[in-house]
Number of protein chains: 2
Amino acid sequence: MEFAAHGFEAASTRSIAAAADTQQPQINYHFESKEALWKAALDHLFDRLDESMRRHAAALPAPVTARDRLAVTVRSFVHAAAELPELNRIMVHESTVPSDRLRWIVDRHTRPRFELVATEWRAARATGEVPPIDESVLYYSLVGAASLAYVNAPEAELLGYNTLDPAFIVAHADALVLTFLPAPISEPQRPVREGTTT
Amino acid sequence: MEFAAHGFEAASTRSIAAAADTQQPQINYHFESKEALWKAALDHLFDRLDESMRRHAAALPAPVTARDRLAVTVRSFVHAAAELPELNRIMVHESTVPSDRLRWIVDRHTRPRFELVATEWRAARATGEVPPIDESVLYYSLVGAASLAYVNAPEAELLGYNTLDPAFIVAHADALVLTFLPAPISEPQRPVREGTTT
DNA sequence: GCAATTCTATATCACTTGATCTAATTTGTC
DNA sequence: GACAAATTAGATCAAGTGATATAGAATTGC
């Protein structure tokens with residue numbers, strides 16, 4: 001995906017067309033502009049994100065507590081981030097500078113998903129199941145911790161790590177649940193409620 | 001910084017020159033090429049990162065244990081990431097696709113800093129002071145958790161949060177120490193060894 | 001004070017960009 | 001098979017790209 005590799009401006013319609021094995025004017029025929037193509041691509045990627053998270057959540061034990069629900073969300077998001085590095089790459093490309101495109105994404109895709117995580121976090125906070133961390137701090141810490149390894153996969157490879165190895169992904173998900181969602185203080189440190197996947 | 005806002009390809013030498021209130025050919029006069037300018041900019045930004053981390057570390061209580069040393073590193077990095085969002089923006093722009101520029105950064109700047117954190121982590125792991133997490137998983141989780149809020153500051157603002165507010169930054173640093181470096185299992189959950197900074 | 005050097009400004013190079021126009025081709029329907 | 005609609009292909013547009021050539025203006029060293 002050209003938008004993920006280089007960002008909107010640097011992705012030329014000719015290279016996009018070439019990657020799709022067609023000609024450059026086809027983009028303006030089937031979409032009204034480069035920006036309309038970009039929006040269609042993002043809608044599609046967010047659909048795939050939702051589908052991927054639902055699929056991975058379904059493979060996990062059903063959650064009981066509010067903390068369990070967050071653990072499922074965290075594990076599902078880690079797996080989805082590994083499956084769809086393009087999406088988080090585009091997000092980080094677009095989120096570094098204010099723009100109409102950023103406003104479009106935030107209104108249409110980011111805010112609803114942020115509210116979902118914030119609501120889950122508030123519920124777990126209310127019962128004292130998770131550490132005393134504000135939801136805005138938590139959101140960016142969690143999303144950043146879950147996505148960077150896959151966004152920066154080419155860098156990780158140069159450092160000698162294969163972040164697309166299933167073993168890495170599972171260890172990564174385990175680590176985030178262990179750190180952000182430790183078992184309640186009165187219990188032992190290890191999280192034991194959720195099973196590990198794949 | 002134009003490179004941080006749009007990435008290397010999308011940052012035109014004319015807009016860079018305009019931002020510096022000069023003419024476009026000056027870039028090829030004072031530097032040999034656009035790429036040479038970019039390398040000079042990165043060397044400068046990494047110098048500022050090191051200086052910023054040293055300055056913030058000096059303002060914290062002197063560490064005693066290996067875990068304390070990591071806590072100082074984490075807090076210093078959070079503050080530096082907030083101070084220098086441009087650097088992590090460039091890093092994330094460049095790390096999404098293999099390139100000669102990425103190899104140059106990793107060899108010159110990333111790998112030495114990764115080794116530093118990995119070494120500190122291994123030392124704390126050896127004494128059982130930190131959770132059982134592999135250093136590669138830890139590195140990307142920690143860097144991602146510490147930097148995304150500032151890299152994506154324009155997005156956070158649209159969500160109604162000001163991640164450049166000193167109160168956010170301190171809460172953020174506290175949260176990362178609390179989660180990634182919880183007090184040893186035998187002690188209470190809250191981190192108490194390091195003071196909070198401005 | 002004046003020449004040598006360094007820096008700045010303008011014009012221009014070949015090339016790439018997103019978009020559009022027009023003609024050729026394929027597809028769908030009877 | 002015929003005809004209309006949808007799609008594809010090629011050519012071309014003005015605007016923007018990094019780099020360079022050249023001439024003018026400051027600055028430096030003596």
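Quick note on labels: first sequence line is chain A, next is B, and so on, each numbered from 1. These numbers come from a predicted model, not from an experiment.
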Point to revise | Spacing of A:Gln26 atom CD relative to D:dA6 atom P, expressed in whole Å | key: 15 Å
Review point. Does B:Asp68 use its side chain to pair, donor to acceptor, with the backbone of B:Thr65 at less than 3.5 Å?
Key: yes
Exercise for review: Apply the ring pair (Phe, Tyr, Trp, His ring centres under 6.0 Å) test between B:Tyr139 and each candidate in B:Trp121, B:Phe180, B:Phe114; give the one that qualifies.
Suggested key: B:Phe114
Check your understanding: Does any donor atom in the side chain of B:Glu129 or B:Thr127 lie under 3.5 Å from an acceptor atom in the other side chain?
Key -> yes
Point to revise | Distance, rounded to the nearest Å, where B:Ile27 contributes CD1 and C:dC7 contributes P | key: 16 Å
Distances under 3.5 Å between protein N/O atoms and the N/O atoms of nucleotides 13-18 of chain C, please, pair by pair.
from: C:dT17; atom 1: OP1; to: A:Ser12; atom 2: OG; distance (Å): 3.4
from: C:dG18; atom 1: OP1; to: A:Ala11; atom 2: O; distance (Å): 3.2
from: C:dG18; atom 1: OP1; to: A:Thr13; atom 2: N; distance (Å): 3.1
from: C:dG18; atom 1: OP1; to: A:Lys34; atom 2: NZ; distance (Å): 2.9
from: C:dG18; atom 1: OP2; to: A:Thr13; atom 2: N; distance (Å): 2.7
from: C:dG18; atom 1: OP2; to: A:Thr13; atom 2: OG1; distance (Å): 2.7
from: C:dG18; atom 1: N7; to: A:Arg14; atom 2: NH1; distance (Å): 2.8
from: C:dG18; atom 1: O6; to: A:Arg14; atom 2: NH2; distance (Å): 3.1

Review point. Does the side chain of B:His30 get closer than 4.0 angstrom to OP1 or OP2 of C:dT8 through an N or O atom?
Key: yes
Expected rows: protein N/O vs nucleotides 21-27 of chain C N/O, under 3.5 Å:
none

Review point. Is the side chain of B:His56 donor-acceptor paired with the backbone N or O of B:Ser52 at a distance under 3.5 Å, no angle test?
Key: yes
Review point. Within this structure, what is the CZ-to-P distance between A:Phe31 and D:dT7, rounded to whole angstrom?
Key: 12 Å
Review point. A:Tyr29 OH to D:dA6 P: how many Å, rounded?
Key: 7 Å
Check your understanding: Is atom CD of B:Glu157 surrounded by more than 12 heavy atoms (other residues, nucleotides or ligands) closer than 6.0 Å?
Key -> no
Review point. OP1 or OP2 of C:dT8 less than 4.0 angstrom from a side-chain nitrogen or oxygen of B:Gln23, does that happen here?
Key: no
Check your understanding: Atom CG of A:Asp21 to atom C1' of D:dT8: distance rounded to whole Å?
Key -> 13 Å
Point to revise | CA sep, side-chain torsions, deciding dist, call: B:Thr96, B:Leu102, side-chain contact (heavy atoms from CB on, under 4.5 Å) | key: CA-CA 9 Å; B:Thr96 56; B:Leu102 177 58; over 6 Å; no
Review point. Where do A:Ile133 and B:Thr179 land on the side-chain contact (heavy atoms from CB on, under 4.5 Å) test, with the steps shown first?
Key: CA-CA 10 Å; A:Ile133 298 173; B:Thr179 50; 3.6 Å; yes
Exercise for review: Determine whether the side chains of A:Asp134 and B:His172 contain a donor N or O and an acceptor N or O closer than 3.5 Å.
Suggested key: no
